[in-house]
Asks: 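Quick one: the structure is below, and I'll ask about it shortly.
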Amino acid sequence: MLFSRKERKPNGSLAQVSSHSDLLATKITAALTACVDRGELSCEIPSTISLERPKNRDHGDYASSIALQVAKSAGRAPREIAELLKRDLEALPEVAKVDIAGPGFINITLERASQGEIVRQIRQGGSNFGNGTSLNGVAVNLEFISANPTGPLHLGHTRWAAVGDALGRVLSAAGAKVTREFYINDRGNQMDLFGASVRAAAMGQAIPEDGYQGAYIADLAAAVVAKDPGILNVAGDLQFVEFRERAYTAQLKSQQDVLDEFGTKFDVWFSERSLHSSGAVEHGLEKLRSQGHVFELDGATWLRTTDYGDDKDRVLVKSGGELTYFASDTAYYINKRERGSDICIYMLGADHHGYVNRLKAIAACAGDDPKYNIEILIGQLVKIMEGGEEVKLSKRAGTIITLEDLVEKVGVDAARYTLIRYPVETPMVLDVDVLKKRTNENPVYYVQYAHARIAGVLRNAQELKVPDSLEDFDPALLVHDRENELLGALAEFPRVVASAAEMREPHRVARYLEVLAGVYHGFYADCRVLPLGDEAITATHSARANLCAATKQVLGNGLQLLGVSAPERM
RNA sequence: GCGCCUGUAGCUCAGUCGGAUAGAGCACUCGCCUUCUAAGCGAGUUGUCGCAGGUUCGAUUCCUGCCAGGCGCACCA
């Protein structure tokens with residue numbers, strides 16, 4: 001409750017981009033300030049100006065409810081305030097028309113030529129168009145997946161493999177310095193159990209109770225033995241250790257290969273063991289002691305996490321002297337911070353949501369601000385459907401679905417895209433049959449198809465020698481409603497990227513791309529880009545070719561942020 | 001018992017800072033390829049935004065309570 005996820009609010013300062021929405025927002029603020037200065041109005045000036053692209057086209061290109069918002073503090077009727085602002089806004093060269101509607105909405109219609117300038121910005125920005133500066137100078141540590149190296153990556157890990165990677169890209173686009181990190185839980189009982197299971201499989205013995213049962217254990221055992229048959233003759237505990245270490249190395253390598261194949265890259269693979277061998281755990285304990293939140297009770301050493309919203313205190317050192325997993329967690333957090341990360345983001349599965357408060361408390365106990373330095377994103381579980389039925393996942397029954405299985409069934413692009421396009425707090429149902437389809441039901445194809453379609457048009461433009469460089473671009477020629485709609489959608493991209501980064505919600509990029517692709521398809525249906533037959537080449541053809549190129553750039557940039565390919569042909 | 005997440009069209013789900021007539025895909029009807037990719041476009045039909053209060057000019061959105069489903073509450077890792 002104390003640290004619920006919803007408490008983390010975006011600070012509202014979106015990236016500084018030179019789009020019309022930002023321009024209008026500043027102008028509205030200026031107009032409001034001017035009215036106050038002239039004594040025509042006395043009200044509070046909001047720090048952020050509400051400005052949106054209205055759903056209804058009759059409401060102009062942009063709409064603001066600012067007059068309604070300040071009406072109360074100004075003590076005036078909203079429509080009167082809107083009238084005051086209208087005067088100043090209409091004087092702007094970019095603005096064609098200002099209407100006041102309903103209770104006091106301000107609807108702004110832009111000059112068409114002014115809207116067309118976005119094409120120039122996009123083409124000049126190239127692959128950097130959409131990038132912002134809202135997180136400039138902020139070092140973010142992004143930890144995700146962090147699976148035990150005792151088995152293959154399953155469906156739950158796969159959601160994070162896609163979303164975590166996309167979030168990393170989005171944060172980078174917002175200017176953050178991102179370190180993607182995979183924490184390897186290579187210490188503790190489960191590793192011993194893993195080693196024992198592999199050895200048992202290799203020796204043809206029964207897998208120990210509570211051991212690892214999957215078929216992959218036998219495969220690992222066979223691989224280990226194949227590589228070094230002598231291991232079968234090693235005696236006693238040494239043999240067990242050998243099996244454990246070799247199987248660990250092989251399994252980790254396999255996870256790394258699978259993720260690499262999936263397009264998810266990590267900067268740091270961080271071993272829990274290294275935390276102990278490097279003295280980081282001792283160091284972490286000292287740091288926490290110095291902050292005064294460590295105490296002894298019943299022979300154990302505790303961290304008083306209840307000081308900061310946890311529901312019970314947590315043990316760092318057991319009465320037997322062993323360090324807990326929680327001790328590693330504290331040391332790891334402190335280590336991340338000391339390596340220079342300002343914000344540590346943890347992406348966890350819903351089955352770990354009970355960790356949120358204790359992780360937040362670690363940050364607070366270390367003297368940090370738990371509302372800034374640490375963020376925990378909880379992802380709900382993924383269900384999978386195939387053949388119209390839910391596939392029940394069970395380790396016992398051996399029906400776990402691995403990342404590899406999913407990719408094999410539907411391909412990397414469809415798997416990544418589908419996992420990313422939903423907010424992580426939504427429990428999602430993944431229908432394998434749908435993901436195999438190449439239709440609108442499968443949005444990844446819809447978006448990719450738009451990209452490939454444009455690529456085809458531009459190839460043809462080259463062939464027909466339609467000039468399509470920026471020098472040949474006259475924005476005033478883009479006057480069709482479809483063109484206007486497309487320009488407006490393109491201009492939204494930087495805002496979408498900025499909000500996706502701030503809210504840690506990469507799915508916004510995917511949803512935006514679907515809208516943009518739809519708008520493009522509509523434009524394509526109604527606006528002929530290239531000359532027909534022996535028709536003369538005109539400046540309008542060039543203007544439209546430029547518009548296509550800009551759209552292709554934005555679709556490509558967006559897909560890049562998701563780690564999904566942008567094909568030239570389909 | 002306590003805590004977290006979810007509840008929006010027949011199905012799968014969006015819905016930004018509280019805004020105007022709540023959206024998309026699928027499904028169902030019907031149109032559009034002798035010209036740039038029909039993996040596309042257009043038209044039609046579909047709602048107790050879980051329920052009940054509250055906050056206010058305005059609530060799917062914020063607050064409280066309740067109902068339903070999922071998950072979690074270790075000197076395990």
Side-chain angles (χ1 to χ4, degrees), chain A residues 1 4-5 9-10 12 46 48-52 54-56 58-59 63 65 68-69 71-72 77-78 101-105 107 148 150 185 187-191 193 272 297-302 311-312 314-320 322 324-326 328 349-357 378-381 383 385 421-431 434 437-443 445-446 448-450 452-461 463-464 466 495-496 499 503 505 507-508 511 514-515 518 521-522 524-526 528-533 544-545 548 569-570:
Chain A
M1 188 63 184
S4 99
R5 193 178 114 65
K9 281 278 183 183
T48 53
I49 300 297
S50 87
L51 192 66
E52 58 170 24
K55 290 167 225 156
N56 188 332
D58 297 337
H59 296 154
S65 61
L68 295 161
Q69 283 168 6
K72 193 166 196 178
F105 291 102
N107 296 333
N148 293 340
T150 55
N185 295 136
R187 191 177 166 276
N189 293 339
Q190 94 276 359
M191 285 303 289
L193 220 51
E272 185 187 355
L297 181 72
D298 300 335
T301 304
W302 301 68
D311 54 351
K312 58 190 71 164
R314 306 290 166 179
V315 173
L316 291 162
V317 186
K318 299 184 210 173
S319 49
E322 311 115 76
T324 60
Y325 186 80
F326 181 70
S328 299
D351 51 341
H352 285 77
H353 76 251
Y355 288 44
V356 173
N357 284 345
I378 297 296
Q380 296 299 312
L381 305 179
K383 280 189 200 169
M385 305 270 292
R421 81 185 278 270
Y422 301 100
V424 291
E425 64 265 30
T426 308
M428 65 176 291
V429 179
L430 209 152
D431 190 325
V434 167
K437 290 187 191 168
R438 304 194 156 196
T439 69
N440 268 8
E441 265 183 277
N442 200 355
Y445 286 108
Y446 186 76
Q448 288 183 317
Y449 180 68
R453 198 177 215 189
I454 298 171
V457 171
L458 293 176
R459 276 193 301 271
N460 295 339
E463 215 163 282
L464 294 170
V466 172
R495 288 222 292 190
V496 170
S499 67
M503 308 194 60
E505 291 182 344
H507 79 274
R508 287 168 188 280
R511 297 290 172 164
E514 290 165 30
V515 171
H521 287 312
Y524 179 90
D526 289 355
R528 177 78 202 185
V529 177
L530 302 175
L532 282 166
R544 287 181 172 171
C548 286
R569 296 170 200 273
M570 285 175 78

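Every heavy atom of this structure was used, including side-chain atoms; hydrogens, water molecules and symmetry mates were not. Just so it is clear: chains get the letters A, B, ... in the order the sequence lines come, proteins before strands, and each one is counted from 1.
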Asks: Could you give the distance separating B/C51 and B/G69 at their C1' atoms, to the nearest angstrom?
Replies: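 Rounded to whole Å, the distance is 15 Å.
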
Asks: Relative to the 5' end of RNA chain B, which residue comes earlier, A/Met191 or A/His521, by the nucleotide with the nearest heavy atom?
Replies: A/His521

Asks: Classify A/Arg569 by what it touches in the nucleic acid, base, sugar-phosphate, or nothing, heavy-atom distance under 4.0 Å.
Replies: base

Asks: Hey, does A/Leu51 reach any base, or is it just sugar-phosphate, or nothing, if we go heavy atoms under 4.0 Å?
Replies: base

Asks: If you restrict it to nitrogen or oxygen atoms, what contacts under 3.5 Å exist between nucleotides 21-24 of chain B and the protein, and what is each distance?
Replies:
unit_1: B/U21; atom_1: O4; unit_2: A/Asn56; atom_2: ND2; d: 3.3

Asks: Which one, B/A38, B/A14, B/A20, comes nearest to the side chain of A/Glu52?
Replies: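 Nearest listed nucleotide: B/A20.
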
Asks: Between A/Tyr422 and B/G25, does any side-chain N or O lie under 4.0 Å from OP1 or OP2?
Replies: no

Asks: How would RNA chain B look in dot-bracket form, 5' to 3', counting Watson-Crick and G-U wobble pairs with both distances under 3.5 Å and writing | for bases paired to another strand?
Replies: (((((((..((((.....[...)))).(((((.......))))).....(((((..]....))))))))))))....

Asks: Would you mind classifying the nucleic acid contact of A/Asn185 as base, sugar-phosphate or nothing, using non-hydrogen atoms under 4.0 angstrom?
Replies: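 Nothing, no heavy atom under 4.0 Å.
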
Asks: In terms of base orientation, is B/C33 syn or anti, with the syn window spanning 90° either side of 0?
Replies: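 Syn, angle within 90° of zero.
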
Asks: Could you give me the CA-CA distance, side-chain angles and deciding distance for A/Tyr524 and A/Arg453, then say whether side chain to side chain contact (heavy atoms under 4.5 Å, CB included) is met?
Replies: CA-CA 9 Å; A/Tyr524 179 90; A/Arg453 198 177 215 189; 3.3 Å; yes

Asks: Which nucleotide wins on minimum distance to the side chain of A/Phe105, given the candidates B/C5, B/G19, B/C13?
Replies: B/G19

Asks: Under 4.0 Å, counting only non-hydrogen atoms across every strand here, what does A/Ala350 touch: a base, just sugar-phosphate, or nothing?
Replies: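 Contact class for A/Ala350: sugar-phosphate only.
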
Asks: Are side-chain heavy atoms of A/Val315 and A/Phe326 found at a separation under 4.5 Å?
Replies: no

Asks: For the side chain of A/Glu425, counting heavy atoms from C-beta on, which of B/U6, B/U37, B/C17 is nearest?
Replies: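 Nearest listed nucleotide: B/U6.
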
Asks: So what does A/Ala63 touch, heavy atoms closer than 4.0 Å: a base, only the sugar-phosphate, or nothing?
Replies: base

Asks: Using atom names, set out every protein N or O paired with an N or O of nucleotides 26-35 of chain B below 3.5 Å, distance rounded to 0.1 Å.
Replies:
unit_1: B/U35; atom_1: O2'; unit_2: A/Arg528; atom_2: NH1; d: 2.8

Asks: How would you label the glycosidic angle of B/C49: syn (within 90° of 0) or anti?
Replies: anti

Asks: Counting only side-chain heavy atoms from C-beta out, which of B/A20, B/A39, B/U37 sits nearest to A/Tyr445?
Replies: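 Nearest nucleotide to the side chain: B/A39.
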
Asks: Start with the C-alpha distance between A/His353 and A/Gln380, add both sets of side-chain angles, then the distance that settles side chain to side chain contact (heavy atoms under 4.5 Å, CB included), and finish with yes or no.
Replies: CA-CA 10 Å; A/His353 76 251; A/Gln380 296 299 312; over 6 Å; no

Asks: Nearest 0.5 Å please: distance from the CG atom of A/Asp351 over to the CD1 atom of A/Ile378.
Replies: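 Spacing of CG (A/Asp351) from CD1 (A/Ile378) equals 8.5 Å.
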
Asks: Excluding sequence neighbours, so at least two apart, what forms ring pair (Phe, Tyr, Trp, His ring centres under 6.0 Å) with A/His521?
Replies: A/Tyr446, A/Tyr449

Asks: Under 4.0 Å: is that the gap between some side-chain N or O of A/His507 and OP1 or OP2 of B/G15?
Replies: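 Yes, within the criterion.
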
Asks: With sugar-phosphate meaning primed atoms plus P, OP1 and OP2, does A/Ser328 contact a base, only sugar-phosphate, or nothing at under 4.0 Å between heavy atoms?
Replies: nothing

Asks: Measuring to OP1 and OP2 of B/A20, would you say a side-chain N or O of A/Asn107 lies under 4.0 angstrom away?
Replies: no

Asks: Is A/Val429 touching bases, backbone alone, or none of the nucleic acid, heavy atoms closer than 4.0 Å?
Replies: sugar-phosphate

Asks: Please tabulate the protein-to-nucleotide N/O contacts below 3.5 Å involving nucleotides 73-75 of chain B, giving atom names and distances.
Replies:
unit_1: B/C73; atom_1: O3'; unit_2: A/Lys312; atom_2: NZ; d: 3.2
unit_1: B/C73; atom_1: O2'; unit_2: A/Lys312; atom_2: NZ; d: 3.4
unit_1: B/A74; atom_1: O5'; unit_2: A/Lys312; atom_2: NZ; d: 3.3
unit_1: B/C75; atom_1: O2; unit_2: A/Ser319; atom_2: N; d: 2.8
unit_1: B/C75; atom_1: O2; unit_2: A/Ser319; atom_2: OG; d: 3.1
unit_1: B/C75; atom_1: N3; unit_2: A/Ser319; atom_2: OG; d: 3.4
unit_1: B/C75; atom_1: N4; unit_2: A/Asp298; atom_2: O; d: 3.4

Asks: When the C1' atoms of B/G18 and B/G58 are considered, how many whole Å apart are they?
Replies: 8 Å

Asks: Atom CG of A/Asn442 and atom P of B/C11: how far apart are they, to the nearest Å?
Replies: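 It works out to 21 Å between those atoms.
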
Asks: Could you please name the option among B/G19, B/G15, B/C71 that lies closest to any side-chain atom of A/Leu381?
Replies: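 Ranking B/G19, B/G15, B/C71 by closest atom to the A/Leu381 side chain puts B/C71 first.
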
Asks: Counting any heavy atom closer than 4.0 Å, what does A/Phe326 reach on the DNA or RNA strands: base, sugar-phosphate only, or nothing?
Replies: nothing

Asks: At 4.0 Å (heavy atoms only), tell me whether A/Gly102 reaches a base, stays on the sugar-phosphate, or touches nothing.
Replies: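 The answer is nothing, as A/Gly102 stays clear of every strand by at least 4.0 Å.
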
Asks: Does a nitrogen or oxygen in the side chain of A/Ser65 sit under 4.0 Å from OP1 or OP2 of B/G18?
Replies: no

Asks: Do A/Arg511 and A/Tyr422 touch side chain to side chain, with heavy atoms closer than 4.5 Å?
Replies: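 Answer yes - side chains close enough.
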
Asks: Give the nucleotide from the list B/U16, B/U6, B/U37 with an atom nearest to the side chain of A/Arg459.
Replies: B/U37

Asks: Please report, rounded to the nearest Å, how far the P atom of B/U6 is from the CD1 atom of A/Ile378.
Replies: 12 Å

Asks: Rounded to the nearest Å, what distance is computed from the CG atom of residue A/Asn357 to the P atom of nucleotide B/C4?
Replies: 8 Å

Asks: Would A/Asp298 and A/Ser319 count as a side chain to side chain contact (heavy atoms under 4.5 Å, CB included) here? Give the steps.
Replies: CA-CA 7 Å; A/Asp298 300 335; A/Ser319 49; over 6 Å; no

Asks: Which residues pass the side-chain hydrogen bond (donor to acceptor under 3.5 Å, both in side chains) test with A/Asp311, not counting sequence neighbours?
Replies: A/Arg314

Asks: Pick the closest RNA chain B nucleotide for A/Gln69 and for A/Asn148 by heavy atoms, then say which residue is nearer the 5' end.
Replies: A/Gln69

Asks: With P as the reference atom in both, quote the distance from B/G7 to B/C63 in angstrom, rounded to an integer.
Replies: 14 Å

Asks: For A/Pro443, which contact category applies under a 4.0 Å heavy-atom criterion: base, sugar-phosphate, or nothing?
Replies: nothing

Asks: With rounding to whole Å, what would you report as the distance between B/U12 and B/C17 at their P atoms?
Replies: 27 Å

Asks: What nucleotide among B/A38, B/C41, B/U6 has an atom nearest to a side-chain atom of A/Tyr449?
Replies: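 Of all the options, the side chain of A/Tyr449 is nearest to B/A38.
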
Asks: Would you indicate what A/Ala450 reaches in the nucleic acid, counting non-hydrogen atoms under 4.0 angstrom: base, sugar-phosphate, or nothing?
Replies: nothing

